[in-house]
Amino acid sequence: MHVTIDDPIELAWESIRTGLRRDCGARTFDNWLKPSRLAGFDEDEGAVRIALPSEFMANWVETHYAERLLHAWRAHLPQVRRVIVTAGIDSLKPALFTVAPVATPEPAPESNAAEEPTGTVEGIQLEGRYTFDSFVTGKPNEVAYNAARTVAEGGALTFNPLFLHGGTGLGKTHLMHAIGHEYRRRVPKAKIVYMSAEKFMFEFVGALRAKDTHNFKQRLRSADLLMIDDVQFIAGKDSTQEEFFHTMNEIISAGKRLVITADRSPQDLEGIEARILSRLSWGLVADVNPADFELRLNIIQRKLESMPHVNVPQDVQLFLAKRIASNVRELEGALNRVIAYAMLNNRPIDVAFVEETLTDVLRAHQRRITIDEIQRKVSDHFRIRQAEMTSARRAREVARPRQIAMYLAKQLTPRSLPEIGRRFGGRDHTTVIHAVRQIEKLRKADAELDADVRLLLRQLEA
Ligand SMILES: Nc1ncnc2c1ncn2[C@@H]1O[C@H](COP(=O)(O)OP(=O)(O)OP(=O)(O)O)[C@@H](O)[C@H]1O
């Protein structure tokens, strides 16, 4: 079920899911709560109905999460009195993909794009929202995006596998699903397999135990596009790595496509066999970096474009982009929450309303920028030694950066003027005041200096 634009209940549900993912941890969330769907809201009874794919999962979620779900719902919508967890997602949403005989794909020209897919997608339902179109690009993610597009477009590849790595909530899964959608559109008969590395391990171990690894191998190795998520999970798991290595080899040597993600780069993947790492680095390694301020703002704006009836003023957009810097998932969650609250309570959205609605999130995201960090960044930027920040030298090439660093310390930290002075080589607080005023004045008169300061501010606040 996708967020429909003007439905505050669904927006609240999105926001609740983001909160649950944060509180329960990604693994628990992905296993138990991610497959849940909002099945309905009965206003008279104040009852929210949540559906899970099976009786077993519904029971588990009911036992472990009913209370937490109710609490989260009530925080968004006080009139909720009950959360009912039921089984049976299929009745809500027809299975998107059915298993069909495996067919060898032949790259289809663009004109075939509308052909009904007859291939298969195994392992997941591709999330409808996660497409290339809805993925906002910027400096931090453009290499990963372009590489993902190249894989998805179905033409000859100059690299294989594609290894995407980056921190949580930055869009790796989004890109993988987008590859799945696009490849399916281009090559409708393709067999696409998506699997988390964790599932790979469990299924493989299960197959070993049942003395039936043939099916498992066949299923993965016959994929035209194989995507394995979170490969860091198999660190230290020797027999799984052995199987993984052979699967990689088969896929690559058959000219099929392989996409792998992890939360860190190959060099930082400890406990993974050297031969796997070397295979990975034969392909294209692309990092998905944390969104910078500009990208965060673009993401907010793109999301708002799909909600033409919602008025989120520009200063609120800037405020959110500035303050929710951790990752895109949190940013989206915060925006959804603000909009849902405003709709449900019939309030206009302004900065004060956002501060009130997101008190907990904002507090958690308040990043403490330290004076040391500022001194380091400014010295790097102006290519001077960090020791000059505290030295007595007055030459312009060190005095000006030092003043800029004092100015930034005043802007970005809660430290008092005397404290700042002390941290800059025991200077007096009047020196700090002078530096702050001087830089304020120069920012208006000297465009180059102003650009330096803006860049530093952006980098420090990212
Ligand atoms: N550049 C982007 N443009 C639009 N949406 C984005 C972008 N990056 C991330 N998102 C959104 O942020 C959310 C989190 O992204 P995603 O689940 O892909 O993260 P991830 O890197 O796979 O994280 P994890 O490793 O924790 O699973 C998704 O809703 C996704 O659509």
Side-chain angles (χ1 to χ4, degrees), residues 1-3 10-11 13-35 123-149 152 162-181 194-199 227-233 259-265 268-269 286-307 317 320-321 324-337 339 361 462:
M1 189 175 289
H2 310 312
V3 179
E10 286 200 10
L11 280 172
W13 176 228
E14 277 292 300
S15 153
I16 288 168
R17 281 165 63 91
T18 308
L20 287 171
R21 195 176 198 280
R22 188 181 46 231
D23 297 347
C24 308
R27 186 153 303 148
T28 308
F29 179 87
D30 287 350
N31 288 340
W32 298 102
L33 295 162
K34 195 172 181 181
I124 45 158
Q125 288 190 342
L126 293 179
E127 168 62 58
R129 283 182 301 149
Y130 291 174
T131 61
F132 283 125
D133 280 349
S134 65
F135 191 83
V136 185
T137 55
K139 272 251 146 42
N141 60 21
E142 69 192 355
V143 173
Y145 172 85
N146 288 332
R149 273 216 93 107
L162 168 61
F163 182 82
L164 296 172
H165 68 93
T168 186
L170 298 180
K172 301 184 297 295
T173 305
H174 186 135
L175 280 176
M176 269 198 166
H177 285 233
I179 294 174
H181 284 300
Y194 170 100
M195 203 178 262
S196 67
E198 184 177 15
K199 189 149 188 257
M227 299 192 276
I228 305 282
D229 213 351
D230 284 334
V231 80
Q232 73 279 356
F233 186 82
V259 183
I260 295 169
T261 72
D263 65 354
R264 62 202 86 152
S265 67
D268 295 330
L269 274 174
D287 49 356
V288 187
N289 293 297
D292 55 16
F293 174 78
E294 207 175 325
L295 181 56
R296 296 198 295 272
L297 190 58
N298 285 339
I299 289 172
I300 293 177
Q301 289 173 345
R302 175 75 69 84
K303 210 168 151 86
L304 291 175
E305 278 168 18
S306 65
M307 306 182 184
Q317 299 175 20
L320 287 169
I324 316 278
S326 52
N327 68 57
V328 182
R329 180 179 295 113
E330 297 281 339
L331 182 65
E332 277 190 336
L335 183 63
N336 284 343
R337 181 153 153 198
I339 296 171
V361 183

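Whatever order the structure lists ligands and atoms in, that order sets their numbers, starting from 1.
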Exercise for the section: Identify the protein heavy atom lying closest to atom 28 (C) of ligand 1, giving its residue, its atom name and the separation to 0.1 Å. Expected result: Y130 OH, 3.4 Å
Practice task
Could you say whether the N/O atoms of R21 and ligand 1 ever approach to under 3.5 Å?
Solution key: yes
Fill in the blank from the handout: shortest atom 17 (O) of ligand 1-to-protein heavy-atom contact is with R329 NH2, 3.0 Å
Handout entry: Mutual orientation of the aromatic rings belonging to Y130 and H177 [parallel < 30°, tilted 30-60°, perpendicular > 60°]
Key = perpendicular
Handout entry: Option with minimal heavy-atom separation from atom 3 (N) of ligand 1, where the choices are D230, V136, L331, V288
Key = V136
Practice task
Please determine, by modelled atom types, if S134 and T131 share a side-chain donor-acceptor pair under 3.5 angstrom.
Solution key: yes
Problem - Close-contact set for ligand 1 against L170 heavy atoms, below 4.0 Å - result: 8 (N), 9 (C), 19 (O), 20 (P), 21 (O)
Exercise for the section: Any atoms of ligand 1 less than 4.0 Å from a non-hydrogen atom of S134? List them with their elements. Expected result: 3 (N), 4 (C)
Handout entry: G166 heavy atom under 4.0 Å from ligand 1
Key = no
Exercise for the section: Please lay out, stage by stage, how M195 and M227 fare under the test side-chain contact (heavy atoms from CB on, under 4.5 Å). Expected result: CA-CA 6 Å; M195 203 178 262; M227 299 192 276; over 6 Å; no
Fill in the blank from the handout: Which of N289, N146, L295 passes side chain to side chain contact (heavy atoms under 4.5 Å, CB included) with N141? Answer is L295
Handout entry: contact_flag G138 ligand 1 heavy-atom lt 4.0 Å
Key = no
Practice task
Pull out every atom of ligand 1 sitting under 4.0 Å from any heavy atom of G167, numbered as shown with elements.
Solution key: 21 (O)
Practice task
With atom 22 (O) of ligand 1 as the reference point, say which of D133, V328, D30, T173 has the nearest heavy atom.
Solution key: T173
Problem - Per-atom contacts, ligand 1 versus K172 - under 4.0 Å to a heavy atom - result: 18 (O), 19 (O), 20 (P), 21 (O), 22 (O), 23 (O), 25 (O)
Handout entry: Test side-chain contact (heavy atoms from CB on, under 4.5 Å) applied to L331 and L335, step by step
Key = CA-CA 6 Å; L331 182 65; L335 183 63; 5.9 Å; no
Practice task
Decide whether an N or O pair under 3.5 Å exists between T168 and ligand 1.
Solution key: yes
Practice task
Determine, stepwise, if the pair E14 / R129 fulfils salt bridge (charged side-chain N to carboxylate O under 4.0 Å, His left out).
Solution key: CA-CA 13 Å; E14 277 292 300; R129 283 182 301 149; 3.7 Å; yes
Practice task
Applying side-chain contact (heavy atoms from CB on, under 4.5 Å), run through F132 and T137 and close with a yes or a no.
Solution key: CA-CA 9 Å; F132 283 125; T137 55; over 6 Å; no
Exercise for the section: On the 0 to 90° scale, with breaks at 30° and 60°, tag the F135-Y145 ring pair as parallel, tilted or perpendicular. Expected result: parallel
Practice task
List the atom of L175, the atom of A148, and the distance in Å for their closest heavy-atom pair.
Solution key: CD2-CB, 4.1 Å
Exercise for the section: Identify, by atom number and element, the atoms of ligand 1 in contact range of N141, meaning under 4.0 Å from any of its heavy atoms. Expected result: 1 (N)
Exercise for the section: Check whether any N or O atom of E332, backbone or side chain, sits under 3.5 Å from an N or O atom of ligand 1, and answer yes or no. Expected result: yes
Exercise for the section: Say whether G171, considering both its backbone and side-chain N or O atoms, lies within less than 3.5 Å of an N or O atom on ligand 1. Expected result: yes
Fill in the blank from the handout: All heavy atoms of Y194 vs all of M176, minimum pair found to be CE1-SD, 3.4 Å
Exercise for the section: Among all protein heavy atoms, pick out the one at the shortest distance from atom 23 (O) of ligand 1; state its residue, atom name and that distance to 0.1 Å. Expected result: G169 N, 2.7 Å
Handout entry: Side chains of D229 and T261, donor plus acceptor under 3.5 Å
Key = yes
Practice task
Do me a favour and list the nearest non-hydrogen protein atom to atom 30 (C) of ligand 1 with residue, atom name and distance?
Solution key: H174 ND1, 3.4 Å
